[in-house]
Amino acid sequence: MRLSNYFLPLLKETPSEATIASHRYMLRAGMVKQDSAGIYIWLPLGFKVLKKIEKIVREEQNKAGAVEILMPTIQSSSHWKETGRYDAYGPEMLRIKDRGDRELLYGPTNEDMITDMFRTYVKSYKDLPQTLYHIQWKFRDERRPRFGVMRGREFLMKDAYSFDVDLESARLSYNKQFVAYLNTYDRLGLKAIPLRADTGPIGGDLSHEFLILAETGESKVYCHSDLLDMEAPGSVMEKDLQEVVDSRTSFYARADDMHDQSKFDEIPKDKQVVARGIEVGHIFQFGDKYSKPMNANVQGANGRVSPVMMGSYGVGVSRLVGGIIEASHDENGIVWPKSVTPFGVGIINLKVGDDDVDRVCEELYEIFEKSGIEPLYDDKNDRGGQKFARMDLIGLPYQIIVGPRGLKDGIVEVKVRISGEKKELSFEDAVNYIISEYEV
RNA sequence: CGGGGCGUAGCGCAGCCUGGUAGCGCACCUGUUUUGGGAACAGGGGGUCGCAAGUUCGAAUCUUGCCGCCCCGACCA
């Protein structure tokens, strides 16, 4: 993409409402524009990142054996009345009436709808287990939306729903998602901690929330530091993932609402971590909570009919955009992990109109376009300082700086955003270096 | 939902107390000189002062009502 053709409305000054880094930088870097409280327009740069995160979430869901569907944003109240949640959910649910005075709602979650769908098709244990997911916009009429996309009213969520014949099988479905979550966050460049969680209004028996550490996190976290040092499990072939799950859950890790100081004190002092975190995922195992009232029953091998055992698994995709920035920024702007960066490399032309500089930039641009690295070429006729500040703000992992001064000696400069390190390299070395950095 | 506050150009703000032709910085446009870490100078465009009613010769300014938004706390991807 050439910057001269792009829509990138940057702000030099910080809008007054933004108090945390991710919100400030998302506004300043032209990623989002607020339209009303907790509702945002996704501008090109923000949308690109959102889509990249969505893609990684999708790939990891597919790897875990989940199957993608798409449910509507607008739901009928009927399923919610069947489960009793129409009354229980409260004012967070946006209720709408259509022209026929029918009660509709903008979905805050989809257990009720998917349970209804599932029961019409599946009657036998032979069609189980099954996990379905979708990535869809949700609306929750939060009392106080804030922190930009971190707590919007409208937000993009991946929600998966598992269906099993019994609790033993349901445990395996839960474990698959647990492992998929660890891998997902790892690919997003995040260190996520699974915490034993309260089951909240969705309800159920077993639940973990996943937090990423950030100073501005809304939750206080107490955990064992070894948990933070663990690598993502990657693709695990064994059928029963219990060992992998146990290897994480055996460490003490609680948010303050579930905190037990005496157990925390048992951890060696130098391994105790007290930090703040942002919730970026939550998984639940809730058995027959919805299947029972909705008569979503399946017949087992023994011929007995019983409610299908369910779980649900949420990842806040739009929240992750903010979460990643919270976890990865400095005083100059965002520092994107390579996996979600909106563009792979920024090309800075320090003297637009200079034949040699223009030519080298164009060659670089073409090479990176072809190699799929997606360059953002700053071909605007601005001063160097402005270009440097701009590129730092939007946070691409690598910058190639091309100017007449370096070109005279046959070199271009490569800047690594995260460290600030600058390398003076030949054209070929610069290209090879960037390309090799993106090879898996 | 309790507490606090704000609405004046795209963004950041002053003006309001004490009513009298709407201002500053950034951004934007034109020109000149510049150009390797957010350039300088000169000129210029952009506003129903959140909306409505009222008081007044006259309202951004005073009064009332409404709408919107933010911040701090208690609750949630």
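Just so it is clear: chains get the letters A, B, ... in the order the sequence lines come, proteins before strands, and each one is counted from 1. Nothing here was measured: the structure is a model prediction, and the numbers come from that model. Computed over heavy atoms, backbone and side chain alike; hydrogens, waters and symmetry mates excluded.
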Counting just side-chain N and O atoms, does [X] come under 4.0 Å of either OP1 or OP2 of [N]?
{"X": "A:Arg144", "N": "B:rC71", "result": "yes"}
{"X": "A:Lys12", "N": "B:rA27", "result": "yes"}
{"X": "A:Ser16", "N": "B:rC6", "result": "no"}

Could you tell me how far apart [X] ([atom1]) and [N] ([atom2]) are, to the nearest whole angstrom?
{"X": "A:Asp382", "N": "B:rC28", "atom1": "CG", "atom2": "C1'", "result": "13 Å"}
{"X": "A:His282", "N": "B:rC75", "atom1": "NE2", "atom2": "P", "result": "15 Å"}
{"X": "A:Lys380", "N": "B:rA27", "atom1": "NZ", "atom2": "C1'", "result": "11 Å"}

- Message: Checking base pairs now: Watson-Crick or wobble, both atom distances under 3.5 Å. What partners B:rG68?
- Response: B:rC6
- Message: I'd like to check A:Asp35 versus A:Tyr40 (side-chain heavy atoms, cut-off strictly below 4.5 Å). Are they in contact?
- Response: no
Please determine, for the side chain of [X], which listed nucleotide ([options]) has the closest atom?
{"X": "A:Glu13", "options": "B:rG36, B:rC72, B:rC26", "answer": "B:rC26"}
{"X": "A:Glu17", "options": "B:rC70, B:rA27, B:rA74", "answer": "B:rC70"}
{"X": "A:Ser36", "options": "B:rC69, B:rA77, B:rC72", "answer": "B:rC69"}

- Spacing of A:Met310 atom CE and A:Ile114 atom CD1 [to the nearest 0.5 Å]: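 Going from the CE atom of A:Met310 to the CD1 atom of A:Ile114 covers 7.0 Å.
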- Are any of the side-chain nitrogens in A:Arg187 or A:Glu59 under 4.0 Å away from the carboxylate oxygens of its partner? yes
- Item | Sidechain N-carboxylate O distance under 4.0 Å for A:Glu103, A:Lys81 |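 Looking at A:Glu103 and A:Lys81, the cut-off is met.
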- Inter-nucleotide P distance (B:rG23, B:rC16), Å rounded: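 About 15 Å, rounded to a whole number of Å.
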